[in-house]
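Presented below is the structure to which this report refers.
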2 protein chains.
Amino acid sequence: MAKKLALKDIAGALKVSEASVSYVLNGKARQYGISIALENKILRFVEKVGYQPNRLAASLRTGKSKTVGMIVEDISDPFFSAIARVVEEHIYKEGYRVIYGSSENSTVIARDLLQTFKNYQVDGYILAPTAGLEEDINLLVNEGSPVVVFDRASPDLQCSKVLVDNFRGSEAAVLHLIDNGFCNIAMVTLTNGQDQMNERVNGYLAALQKHGLPPTLKEIIYNEDVQKTILSLKNLLKSKKEIDAVFFATNYLALSGLQALKESGVIITRDIGVAVFDDINNFALFNPSITAVAQPVTEIGLRVTRILLEELQDNHMIDSQNILLKTKLIIRDSSARLPE
Amino acid sequence: MAKKLALKDIAGALKVSEASVSYVLNGKARQYGISIALENKILRFVEKVGYQPNRLAASLRTGKSKTVGMIVEDISDPFFSAIARVVEEHIYKEGYRVIYGSSENSTVIARDLLQTFKNYQVDGYILAPTAGLEEDINLLVNEGSPVVVFDRASPDLQCSKVLVDNFRGSEAAVLHLIDNGFCNIAMVTLTNGQDQMNERVNGYLAALQKHGLPPTLKEIIYNEDVQKTILSLKNLLKSKKEIDAVFFATNYLALSGLQALKESGVIITRDIGVAVFDDINNFALFNPSITAVAQPVTEIGLRVTRILLEELQDNHMIDSQNILLKTKLIIRDSSARLPE
DNA sequence: CTGAAAGCGCTAACAC
DNA sequence: GTGTTAGCGCTTTCAG
């Protein structure tokens with residue numbers, strides 16, 4: 001078990017001061033007027049013995065941990081893991097690491113994660129906030145911490161936001177269903193009032209209203225047992241025979257919904273039309289393939305990262321930024337209406 | 001920007017020593033004989049002012065960071081993100097946090113991540129190792145760091161392992177295809193020699209051999225462009241018309257493969273049988289639904305976490321553990337053979 | 001039972 | 001140009 005080298009050791013071995021070594025290692029040799037000769041000597045030695053500075057000590061000293069905390073709803077959701085991947089990849093290059101946590105849409109958990117991140121002295125935050133976290137987030141912002149939220153955001157939030165146009169994405173999908181001749185379009189969404197969900201519902205309602213069609217909203221509890229969800233959707237189908245299309249507010253609701261359709265013997269295209277908010281890789285491979293509102297996942301990840309890095313670097317307060325990205329309706333077979 | 005409280009501050013305010021506060025906060029009041037009265041007083045005050053210790057300083061002092069480093073192949077792969085989720089959830093309760101990184105199957109990246117984790121003084125490692133990382137890992141182990149690998153492992157690795165029986169899982173799937181009457185079964189796998197992939201290939205070969213059937217192996221480069229993969233699979237289908245079933249070594253290869261089948265106008269069930277190693281949620285919803293070898297994702301996550309926690313707690317060396325979990329063949333429609 | 005004090009390893013102000 | 005040194009905030013030994 002090789003004893004770990006410290007700055008002191010290498011300074012001792014080289015008969016120079018710790019400061020010089022530190023300067024060189026931090027690229028401040030010039031600034032502090034270290035001779036090129038000494039710099040090279042130090043660099044070479046450090047390289048040779050494979051010395052790696054202890055980040056913890058550096059962090060304690062500087063107050064910068066080179067770490068960012070990221071809260072997603074659920075890292076195993078393809079939408080969030082895809083974004084996490086992009087963020088990780090790009091922020092890593094700038095020397096930052098990511099600590100992440102899944103909130104499961106619970107404000108308690110999210111708050112706990114935030115506290116944890118704080119204890120770990122993260123330099124910045126990337127958050128898919130839960131409802132009720134506004135105060136905590138604004139507190140962070142007011143303390144001067146860089147914060148970027150994505151996916152959802154209350155207007156009260158005083159930080160940078162990277163969002164997609166949920167309203168228009170949703171509206172476009174529903175209008176498309178209407179165009180295709182569906183006129184009893186139900187929407188399956190979540191009970192809890194996440195802002196992005198509300199927008200999606202609003203888009204749905206707006207589209208219906210334009211054509212004077214009646215809404216049918218079915219709300220599912222977040223994290224409800226999948227079997228129960230399926231059952232409750234089957235009941236919906238049974239009790240409201242007039243429904244001729246369904247619009248799902250999230251990818252996982254759609255997965256339960258498709259299962260419910262299958263178990264109910266309802267055939268997509270023949271009996272019912274389907275569209276989903278949030279495209280996942282495989283929807284193209286379903287049969288029929290599923291029409292979906294695609295969110296620009298890579299773009300979201302990139303924007304979030306870029307903004308956070310800016311805020312991390314410039315300590316002279318930048319105005320918080322508001323990015324609203326467009327969604328894209330990917331029309332596939334599930335929203336087609338068979339000629340009767 | 002409220003100045004952050006330090007131990008010193010609360011000790012000062014209470015006119016007690018820093019040590020007493022530290023003892024109480026670490027639940028060592030009894031051990032150091034702090035009076036219950038003082039303990040309560042301290043606890044109450046800390047609660048009231050909302051003091052939160054600086055973990056960095058504690059880590060620097062104790063050498064324990066209460067953090068574990070986790071390397072997956074790709075956090076956006078459903079297999080890895082599902083495991084990450086389980087690990088996160090369970091290790092969090094024990095007070096540990098996770099820093100993660102995606103290796104993209106690159107030893108260089110993985111090595112870099114390992115180094116980073118070390119600099120951050122993580123207390124333990126959860127790794128899906130890349131080929132060529134054996135030495136680095138053994139070094140860690142020999143230094144006394146708790147390490148658990150999963151998904152894949154070279155026999156040289158001197159640490160705990162949580163694996164699935166890739167050989168038998170693969171063999172069972174192929175035997176099932178053979179049972180159903182397929183006799184020209186191709187396997188699509190990766191070029192690079194990850195141990196778990198080799199096992200999957202071996203299982204495939206063993207099954208064929210039992211029945212004297214000829215193998216057709218198609219290797220795809222890891223991280224190959226999806227379109228190229230699809231193209232190359234389409235070519236395979238065109239050039240080897242005799243193929244009547246395909247077994248895919250991973251979920252993402254299957255996704256490309258299904259696309260290739262679709263684009264080639266080859267209809268699953270009618271023209272070809274399909275099975276996949278690694279089940280993903282949606283395979284049940286594909287049409288036809290896809291037969292797959294399911295890995296016990298939750299179980300893997302739980303075992304990994306449990307073993308790591310054991311190693312983290314008992315510093316008296318436990319023998320490294322070797323867990324081999326069973327896979328489960330989920331028979332769905334894609335492997336059925338239509339009566340001619 | 002409680003308090004003073006010595007560091008953990010690094011950075012950066014300041015002295016030479 | 002280079003070295004000395006005072007902490008960052010916490011834990012833990014040891015003296016009282």
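This structure is a prediction, so every number in the text was calculated from the model and none was measured. Convention: sequence-line order gives letters A, B, ...; per-chain numbering from 1.
Rounded to whole Å, the distance from CG on A/L14 to P on D/dT2 is 12 Å. In this structure, NZ of A/K66 is placed 16 Å from C1' of C/dC10, rounded to the nearest angstrom. Straight-line distance from the CG atom of B/N54 to the P atom of D/dG9: 7 Å, rounded to whole Å. As rounded to whole Å, 15 Å separates atom C1' of C/dG7 from atom NZ of B/K8. As rounded to whole Å, 13 Å separates atom P of D/dT4 from atom CG of A/L7. Here D/dT2 presents its P atom at 10 Å from CZ of A/R30, a figure rounded to the nearest Å. For A/D9 and C/dC8, the CG to P distance is 10 Å, given to the nearest whole Å. The separation between A/Q121 atom CD and D/dC8 atom P is 13 Å, rounded to whole Å.
Considering only the side chain of B/A6, D/dG9 comes nearest among C/dG9, D/dG9, C/dT11. In the set D/dT12, C/dG3, C/dC10, the nucleotide with an atom closest to the side chain of A/R61 is C/dC10. Nearest to the side-chain atoms of B/L60 among the listed nucleotides C/dC10, C/dG9, D/dT11 stands C/dG9.
Nearest-nucleotide assignment on DNA chain C puts the 5′-proximal partner with B/G33, out of A/P53 and B/G33. Residue-to-nucleotide proximity on DNA chain D shows that, of A/I34 and A/T62, the 5′-proximal contact is made by A/I34.
The residue B/K64 sits apart from the nucleic acid: no heavy atom pair falls under 4.0 Å.
Contact annotation: A/N26 side-chain N/O to C/dT11 OP1/OP2 distance is under 4.0 Å. OP1 or OP2 of C/dT11 has at least one side-chain nitrogen or oxygen of A/S22 nearer than 4.0 Å. OP1 or OP2 of C/dA12 sits under 4.0 Å from a side-chain N or O of A/K28. Checking the phosphate oxygens (OP1, OP2) of D/dC10, no side-chain nitrogen or oxygen of B/S59 falls inside 4.0 Å. Of the side-chain N and O atoms in A/S20, one or more sit less than 4.0 angstrom from OP1 or OP2 of D/dG3.
Salt-bridge formation is not detected for the pair B/K66/B/D123: no Lys NZ or Arg NE/NH1/NH2 atom is positioned less than 4.0 Å from an Asp or Glu carboxylate oxygen. The pair A/E143-A/K118 meets the salt-bridge criterion, with a side-chain N (NZ, NE, NH1 or NH2) lying under 4.0 Å from an Asp/Glu carboxylate O. Using a 4.0 Å cut-off between charged side-chain N and carboxylate O, B/D195 and B/R152 make no salt bridge.
Checked by atom type and distance alone, the side chain of B/S59 pairs as donor or acceptor with a backbone atom of B/R55 at under 3.5 Å. Between the side chain of A/R303 and the backbone N or O of A/I307, no donor-acceptor pair lies under 3.5 Å.
The side-chain tip of B/R97 points at the ring of B/Y92 from less than 6.0 angstrom away and within 45° of straight on.
Expressed to the nearest 0.5 Å, how far CG of B/L25 lies from CD of B/Q52 amounts to 9.5 Å.
The two residues A/P129 and A/I137 make their nearest non-hydrogen contact at CB-CD1, 3.7 Å.
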Under-3.5 Å N/O pairs linking protein and nucleotides 13-16 of chain D:
| from | atom 1 | to | atom 2 | distance (Å) |
| --- | --- | --- | --- | --- |
| D/dT13 | O4 | B/Y23 | OH | 2.9 |

